[in-house]
Amino acid sequence: MTTELAIARRAFRQLRVGAVVCAVAFGLTVASSATTYASSFPTPASRQQLAASVGGDVGFAVLFGPVDRIDTVGGYAAYKSFVFLTSIGAVWAALAATRVLRGEEDAGRWQLVLAGRTRAARATVATTAALGLAVAIVFAGTAVLTALAGRDPKVGLGVGGSLLYAASLAVAPAVFGAVGAVTSQLGRSRRVASALALGVVGASFVVRMVADAGPSTRWLLWATPFGWTERIRPFTEDDPRPLVVAALAVAALVAAAAVLAGRRDVGDGTFSSADAAPPRTAGLGSPFGLAVRLERASILGWFAGVAATGLILGSLSEITTHPAPASMSGMLDRFALQGAFLDQFLGISFLFLASLAALLAASQVGAAGEEEESGRLVHALGGTTGRTAWFAGRLALAAVAVVAASVLGGGATWVGARARGVPVGAGELLGAGLNVAPSALVALGVGALSLALAPAVAGRVVYALVAWSLIADVVGALVSGTGWLAQLSLFHHMALAPAQGVDPVTLVATLAVAGGLAAVATAAFARRDLDAG
Amino acid sequence: MSAAPAAIRTEGLTKRFGRTTALDGLDLEIAPGEVFGYLGPNGAGKSTTIALLLGLIRPTAGTASIFGADPWREATTAHRHVAYVPSEANLWPGLTAAETLRFLANVHGTVDEAYRDELLERFDLDPDKKVRALSHGNRQKVLLVAAFASRADLLLLDEPTTGLDPLKEQVFQACVAEAHEQGQTVLLSSHVLSQVEATCDRVAMLRAGRIIEIGHLDVLRGLVAVQVRAVLDGAVPDLAGVPGVGNVVVQGSTVDCEVSGSMQPLLAVLADAGVHHLTTREPSLEELFVRHYEEP
Ligand SMILES: Nc1ncnc2c1ncn2[C@@H]1O[C@H](COP(=O)(O)OP(=O)(O)O)[C@@H](O)[C@H]1O
Ligand SMILES: [Mg+2]
């Protein structure tokens, strides 16, 4: 038992910073949206007018989840935070779980743990207990900050409601953390394990969107953890039943992870590929070639995710047939969108695609950082490839992948929309896709700078930046004078094409920022000591 | 400056990490063709020296050159001469041994393919196995094969045999000898005295970032005291006057002592007393350091 306790404690040390950051971000987002709403819409009449303008609109429900109860502070806060916070929680927990389980195994430290007086199944359960504690921190932070904001009589959120709401937001991290525990047993490396877990997150996200597309598919909400969070309807309907489903799912997933961990060899996976193979010479000619060879599967996986997202958002855009109520603009979001509701829907869709492109950049930055941290880079740079060339090559590979993913997202959205007979132009949507690339390249630039300064955490810095960017404008609205926070969002200056016009000057400026960051990072990387592993 | 440049030359080479001085004013000159042993306990600064020679890290002070090229400022020029084996073989888990060797050969630019195939046989390495399925020792072999097969002018070997079994250790020592015959230069960092004794001409001993002893092996060998324990048939004779013997401890008919230089005088005295049982042990390098450099 003491061994398991030590394992849990060690895992928790790796998780606690992320947990506290999530807890604070979640709590502040909810508190600020509730406070902002209470002061922007002080009277019942104004709230009803807002609700009437969008309430029941399917397009909004597909993108953002439950929108029909925004005539109350709690209903609005739940709606406003739903998509971004559940996604961030899910991605964080999936990556954290695969890091503390499969990542430790990749690094050879798990083997040391198992040399002690414990077995793989027990060690796995101990590690998931640490994950559970991390999720509990997210729950507690969200509950406390929500309840504190709710004490303001204008806001008026009760303690019970705040607890239920925090529990609903803990569903995604808890379930997807457990999913990550299972995929850590399946894949044979951390990268495969996290790719599988993120794939489950993406699929669950899509199922939730489809469920919200109409009454006939509403039952699908029970099939996805995001749906469970949505079904709870904190502050309005207060339905705790999905929490039971979530708890059962977590228990089943943890049990499955423990059983799988006990059955397989350490260092191996349940899905194992052959240990021997005839040589393939592709990509062995240079460090750049090797990077292309090793990153190909990951990049193609992101492309598949981007294409699927584009196809689904494009085909769901068909439901936005009626024109948008004029009163909606500027009330629901910072997204001051113009034009037909179709364009607004697509504009938000491209915000999702931009996030995916930036996450692709994060994944590439993480891979480059791992190359150095693992001690392999020393061998790649042992010959005639200089550091600058290697670093620039990695950035170029990532940049090409980001731009290709952006265009692919636009193209897939067009295909999805045209398949359902939605009247949109290919050029318009390809352009809208290309429009998200510069912002994602800024994410890559920030990642490059992190690689030059702190390679061990570079990937996580970019993941955190993307998460931050999605909630920045909400938090920035919390207190007057903190509006500048929103300026630090990746997407703050990105036009939501096709709903917003693209300003070429902004586009060029964004590209210049990305290029400048990359150039500074390349120079800094060439000047610092390498980590020899 | 008509003479050929040294394989390795350092002048006042210093590296500090924060407040730790990992290497403190290293002056070293290794001629082409030398097999040089670089000895020291953990944390002495061996790996730091090699990282500086590879241009992985930047010197805090002083200079280094590899066949005349500055490894920090002219890294790719210096790298043309060098093959490197670290103590931990961190390689790409998804590549096979053969693919890894191909990649490393392309990175380095030269490979003696016939010799590589011979080395695969001698090290008993299956080239089609993926790195993730190889043990620590077998991964080490991949890098050793790559380094020896490159026929690089300079082999920088940093405790390269930590995971090898004794038979493969013999193969390794034979390969170093072959590299020597080919005129290659070898810097072998190690804390295994016997390995260095078997392969090296000249040796430096490092401690806390400074060289405390440098010279030919025979000279250093004289510094090494051997621990002797004898169980005698009768009483222990007085060993105080026996040449080379010190630190005598007698307990009943058992005597422990240290011998520097020839064993002959001690053995003669003991044989007269009747030896029931005799064991000798060379002190570890660390013990030698502690004894040799302890403050009086
Ligand atoms: N990157 C680093 N950061 C801080 N200290 C380091 C670093 N690398 C080495 N050191 C310190 O420098 C000293 C020499 O280390 P090293 O060269 O690795 O010794 P050796 O290889 O002889 O065991 C040690 O005290 C070690 O802790
Ligand atoms: Mg070392």
Side-chain angles (χ1 to χ4, degrees), chain A residues 105-108 111 188-192 265 267-269 272-291 293-298 367 370-390 526-533, chain B residues 15 17 47-48 50-52 54-60 72 74-80 82-110 126-136 142-143 146-147 150 152 156 158:
Chain A
E105 202 166 326
D106 277 2
Q111 290 77 340
R188 228 179 158 174
S189 68
R190 174 177 160 191
R191 300 204 74 195
V192 174
D265 290 339
D268 205 343
S272 50
S273 52
D275 277 340
R280 286 194 299 122
T281 53
L284 300 179
S286 66
F288 180 76
L290 184 65
R293 169 172 169 161
L294 296 176
E295 295 309 319
R296 208 183 50 141
S298 160
E370 196 184 312
E371 200 70 355
E372 176 172 358
E373 286 301 297
S374 67
R376 298 190 289 255
L377 178 58
V378 169
H379 301 298
L381 294 185
T384 47
T385 300
R387 281 187 195 200
T388 308
W390 178 81
R527 273 165 186 73
R528 76 156 159 85
D529 289 353
L530 274 195
D531 201 325
Chain B
K15 181 66 186 180
F17 296 106
S47 298
T48 301
I50 290 180
L52 286 162
L54 285 164
L56 300 175
I57 58 178
R58 180 185 211 158
T60 310
W72 177 259
E74 308 159 279
T76 53
T77 311
H79 287 165
R80 273 182 234 282
V82 179
Y84 165 57
V85 181
S87 57
E88 254 191 64
N90 296 305
L91 296 168
W92 297 270
L95 299 189
T96 66
E99 288 167 345
T100 308
L101 288 170
R102 173 82 62 107
F103 174 70
L104 294 174
N106 285 334
V107 162
H108 190 264
T110 60
D126 178 356
D128 287 338
K129 270 232 172 130
K130 290 196 175 162
V131 165
R132 63 160 177 252
L134 294 178
S135 68
H136 172 56
V142 175
L143 284 173
S150 74
L156 294 177
D158 189 4

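Chain letters run A, B, ... following the sequence lines, proteins first, then strands; residues in each count from 1.
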> Which one, B:E88, B:R58, B:H108, leads in non-hydrogen pairs under 4.5 Å with chain A?
Replying inline: B:R58
>> I'd like to verify something: which residue of A:G283, A:A277, A:G289 has the highest number of heavy-atom pairs under 4.5 Å with chain B?
In response: A:A277
>> Less than 4.5 Å to any heavy atom of chain B: does that hold for the side chain of A:L294, its backbone, both, or neither?
In response: side chain
> If you count the non-hydrogen atoms of other residues, nucleotides and ligands that lie under 6.0 Å from CZ in B:R102, is the total more than 12?
Replying inline: no
> Salt-bridged, B:K130 to B:E99, with N to O below 4.0 Å?
Replying inline: no
> Between B:P59 and B:W72, what is the shortest heavy-atom contact and its length?
Replying inline: CD-CB, 4.5 Å
> So which of A:H379, A:E371, A:R280 has the biggest tally of heavy-atom pairs under 4.5 Å with chain B?
Replying inline: A:H379
> Any chance CZ of A:R528 has more than 12 other-residue heavy atoms, nucleotides or ligands included, within less than 6.0 Å?
Replying inline: yes
>> Is B:L134 close to chain A through its backbone or its side chain, or both, or neither, when contacts mean heavy atoms under 4.5 Å?
In response: neither
> What do the steps show when you test B:S47 against B:D158 for side chain to side chain donor-acceptor pair (under 3.5 Å), and what is the final call?
Replying inline: CA-CA 7 Å; B:S47 298; B:D158 189 4; 2.6 Å; yes
> Salt-bridged, B:R80 to B:E74, with N to O below 4.0 Å?
Replying inline: no
>> At a heavy-atom distance under 4.5 Å, which candidate from B:I57, B:L54, B:L143 has the highest pair count against chain A?
In response: B:I57
>> Between A:D106 and A:R191, does any side-chain N to carboxylate O distance fall below 4.0 Å?
In response: no
>> Counting heavy-atom pairs closer than 4.5 Å to chain B, which one of A:G285, A:A526, A:G386 comes out on top?
In response: A:G285
> By a 4.5 Å heavy-atom criterion (distance strictly below it), what part of A:P278 contacts chain B: side chain, backbone, both, or neither?
Replying inline: backbone
>> So for A:S286, is it side chain, backbone, both, or neither that comes closer than 4.5 Å to the heavy atoms of chain B?
In response: backbone
> Between B:L56 and chain A, which part of the residue has a heavy atom less than 4.5 Å away: side chain, backbone, both or neither?
Replying inline: both
> What part of A:R293 gets closer than 4.5 Å to chain B, counting heavy atoms only: side chain, backbone, both or neither?
Replying inline: side chain
>> Evaluate A:L381 against A:R387 for side-chain contact (heavy atoms from CB on, under 4.5 Å), listing each step before the verdict.
In response: CA-CA 7 Å; A:L381 294 185; A:R387 281 187 195 200; 3.9 Å; yes
>> Quick check on the interface: out of B:T100, B:L91, B:D128, who has the most heavy-atom pairs with chain A under 4.5 Å?
In response: B:D128
